[in-house]
Amino acid sequence: MRTVLNNVVLGLLTLMLSAGSVLAAEPEITDARLSLLPGDLPGAGYFTITNTSDEPMVLVGAESDAFHMTEMHVSKHEEGVASMHAVDEVEVAPGEDFSFAPQGYHLMFMHRTVSLAEGDEVEVLLHFEDQQPLPVTFTVVAPGSQ
Ligand SMILES: [Cu+2]
């Protein structure tokens, strides 16, 4: 009987400890917004990731039911020419912030599945390495707003 009780107590402790560490390691997402363009042109997702853990966090992708395809992009200005290309992952160092922002990193939301207007909220799942998918609510903002 004593052994059974000990096992139960040990099991509970292990559960509590692992739950605690999972919570501590979750990325914090702030200022999530989605800038739309007219028609079926893509929208751009901007937000800030805060890594309060002591391990690097690696964002490897995103998805939303409101769009057929979502990619991570970075914009570049080279010799006066603006371009962008897809990136596979973005690493946020321990204790650091990383911002997806105009003229830099952004989520590129392509081919809407629903109509969207300013003020609407869009659910997006962010995929971090070694993490559960993280649901984040993006607010639709006017094109060109920062
Ligand atoms: Cu893009």
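Keep in mind that what you see is a predicted model, and the values were worked out from it rather than measured. All ligand and atom numbering here is 1-based and tracks the order in the structure. In what follows, residues are counted from 1 in the order of the sequence shown.
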Pair S64-T70, side-chain donor/acceptor within less than 3.5 Å: no

E123 versus T137, side-chain donor and acceptor atoms under 3.5 Å: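 The criterion, which ignores hydrogens and geometry beyond distance, is satisfied for E123 and T137.
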
Side-chain donor or acceptor of H106 paired with backbone N/O of G104 under 3.5 Å: yes

Co-membership, hydrophobic cluster, residues L107 and V87, 4.5 Å side-chain: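 Yes; V87 is reachable from L107 via cluster members.
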
Pairwise side-chain contact, K76 with H85, heavy-atom cut-off 4.5 Å (strictly under): yes

Proximity of Y46 and Y105 rings by center, below 6.0 Å: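 No; Y105 has its ring centre 6.0 Å or more from that of Y46.
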
Every N, O or S from the protein that is nearer than 2.8 Å to the Cu ion (ligand 1): H73 ND1, M84 SD, H106 NE2, M108 SD

